[in-house]
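What follows is one structure encoded as structure tokens, with my remarks underneath.
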Amino acid sequence: MSEFTLRNAVVVGRDGVLPGRNDVAVADGVIVDVGSDIAAPGESVDCEGAWVGPGFVDLHTHLREPGQEWKEDIETGSRAAALGGYTAVVAMPNTEPATDAGHLARYVADRGAQVGLVEVVPGGTITAGRAGIKLAHLDDLWSAGVTLFTDDGDSVADAGLLRRAMEYLAERDGVVAQHCIDAGLAAGGQMHEGAVSSRLGMAGVPRAAEEIVIARDLSLVRLTGVRYHVQHVSTAGAMDLVAAAKAEGLRVTAEVTPHHLLFDHSYVEQINPLYKMMPPLREPSDLEALREGLRTGAIDVVATDHAPHADHEKDHPWEEAPFGVTGVEWAAAVTNTVVELDAERFFAVMSTKPAEIADLDGQGVLEVGAAANLVVFDPLAKANTTRTASRSTNSPYLGRDLNGAVRHTIFKGEFTVRDGSVDNLVGAPE
Amino acid sequence: MKHLLTMEGVDRATLTSLLDDADEFYEVMHRPIPKVPALRGKTVATMFFEPSTRTKMSFERAAKSLSADTLSFSPGTSSLKKGESLKDTVLTVKAMGADLMVVRHTSTGAAWRVAEWAGVPVVNGGDGAHQHPTQALLDSLTLRQHFGGLDGLRVAIVGDIRHSRVARSDVWAFTTLGAEVTLVAPPTLLPPDLVGWPVAVSSDFDDVLSEVDAVYVLRVQAERGGASVFPSVAEYRQRYGMTNARFNTLKPDTIVMHPGPMIRGIEIDGGVAVDPRCKVLEQVTNGVAVRMAVLFQLLGGSKDV
């Protein structure tokens, strides 16, 4: 086990940014001291100019294992996540087979632990096989450590079925996370319905397709009291619904993806499937609202919706290409570039709040005695967008100019990323 | 001009130059031997991933009239059935020595992707409901032949605008050449957002009819979901069909156009279809002439040979 001290950084602890420059000492996987000019044994790692805070936590990563390993697997996805500054990711359960029972969730968690680069937290489905017909093995999933339940990729369309899932999970205090798209309104939809879709002649997905599901679900949250999380909010109206629900006192949270913060539907004019995702890229007014919502707290977290697809799947005409793009390596840089949060809010949306939502012990907290899951992020450096550790290259960020680079990622007290690279691991976990 | 993919943003000089060349090739088509050696030794590949009668034949006729060789491809009998991707199909056809590819595909932007992959000039023969530029050229040529020019012409385009690549192409070509365009359709067959379109919009066909110089009738595209968005065919015909009765209310010099295939009894009555003021067959002939002009310009042919 390593002993080292991160020195001269802006340190973000449980109660916010510590005054001045500070050091964080790590030994045996635990944060053993925090303060300025602390005396500690082991290596000193100069972190001048960087922010040090709890490692990032992603509530929305598609690792594709089991079943679609040609797109990504838990090892390649973990490596990409570590490069992105993550120390924990919630693996979306739309695998093949779908993660709808305990043994499948255990497989995902065990593979993650074996790889050992980030904590891989299995998400579970709400319905068996994600088919939307009957409940998944919710108790079984719960006992395998699943706290976040979603049929991501599809909405649970049947309100009666969703209500039963919510009632069941409310008792456990689990989280129902919903991919909010009404299938009828979105039928055949390829992109945001608006001026660009009209000119391109493509079937659109109106904002209402998202908002109508959220509005319905909020009625069910009132009925059941469950913790409810809106995945990848893409419209100003959806965000307003979430904000109103919070004001009412409902236990509702929401995430936004980096691509919905950075790109609007005009990017679709290139007709390049690197900009094809669901929900689709919306309008500049939506982007502005989402950015502001992330600053003010109407939106709680940034989640990547990292969705790898192989070249042979994505390199097609638009309508034949699948939805989804990768981005776990650059989510922090995108957020830092377009929203310009202060260090405290930045770590709240990237680390602390997502760890809280998924109920993760030892994640999202930087304080003495806590597990040493940390990231050293330089907000002024340029992100490295020349390479990806993902198995797939379907990223709109490759080659893009982004501000903010992950210098080091530390998972359980060991460097998983050192100087922006996974190639020179120091004391790699077993 | 490297490719011909869209009518949006193409300037008046470019359109006029293509139409002027088309006029010359129209004359060639009516010679006793309707053929010139302008593209001798060149190979034009027509790759239609979606059914087509007139456009595919028209391009092949145009290529042959310029003495080019043609390679043709149709999805029903090709390796597509075996799962080959568009990209691999394009690279395969390129490897056989195609000098130009004409592509029709159900997916928006397919011709742009082919242009990325092919390394040779690409003509968009129709991509989804997006663009069909040679249709707009042949329609413009038909209007220009009949009226002498498009400046100040009033054209109504009626029907399934939402699913129509013809409308999305004609709107830009017609207005760039000086015409005024009114779109006529029920709300469910209009694109959801027309911001930036240089057009007027109406849902009252009869109100528009008496004022226009040309009525452009579109087919209801059942295959793109066009039939599920109005109550019934009878009601559609009643409000938006070019019926014999409506035809009789037109000004005596107003012409009727249609991109084909016509579905008589829905968007157009049989009596209108055979009236001399219905220009459908002239459009077809003009299609060959404009496609000759497009192939000629993209392949850098010489008129001197």
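Chain A is the first sequence line, chain B the second, and so forth, proteins listed ahead of strands; every chain is numbered from 1.
- The closest side-chain heavy-atom distance from A:Pro273 to B:Arg113 is below 4.5 Å.
- Between the CZ atom in A:Arg199 and the CH2 atom in B:Trp172 there is a gap of 6.0 Å [rounded to 0.5 Å].
- For residues 310-320 of chain A, heavy-atom neighbours of chain B at less than 4.5 Å comprise A:Lys314, A:Asp315, A:His316, A:Pro317, A:Trp318, A:Glu319, A:Glu320, sorted by residue number.
- Taken from CD in A:Glu283 to CG in B:Asp193, the straight-line distance is 7.0 Å, to the nearest 0.5 Å.
- The candidate with the highest count of non-hydrogen atom pairs below 4.5 Å against chain B, out of A:Gly201, A:Gly194, A:Ser198, A:Ala195, is A:Ser198.
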Please list every donor-acceptor pair under 3.5 Å in which a side-chain atom of residues 180-188 of chain A meets a protein atom from a residue at least two apart or in another chain.
unit_1   : atom_1 : unit_2   : atom_2 : d
A:Asp182 : OD2    : A:Gly184 : N      : 3.2
A:Asp182 : OD2    : A:Leu185 : N      : 2.9

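- Contact annotation for B:Glu8: only side-chain heavy atoms (C-beta onward) come within less than 4.5 Å of a heavy atom of chain A.
- Of the listed residues B:Gly196, B:Pro192, B:Gly109, B:Ala111, the one with more heavy-atom pairs under 4.5 angstrom with chain A than any other is B:Pro192.
- For the atom pair NE2 (B:His130) and CD1 (A:Ile271), the distance works out to 5.0 Å, reported to the nearest 0.5 Å.
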Distance-only criterion, 3.5 Å: show the donor-acceptor pairs between side-chain atoms of residues 178-190 of chain B and protein atoms not counting sequence neighbours.
unit_1   : atom_1 : unit_2   : atom_2 : d
B:Thr188 : OG1    : B:Val229 : O      : 2.6

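- Along residues 384-396 of chain A, no residue comes nearer than 4.5 angstrom to chain B, judged on non-hydrogen atoms.
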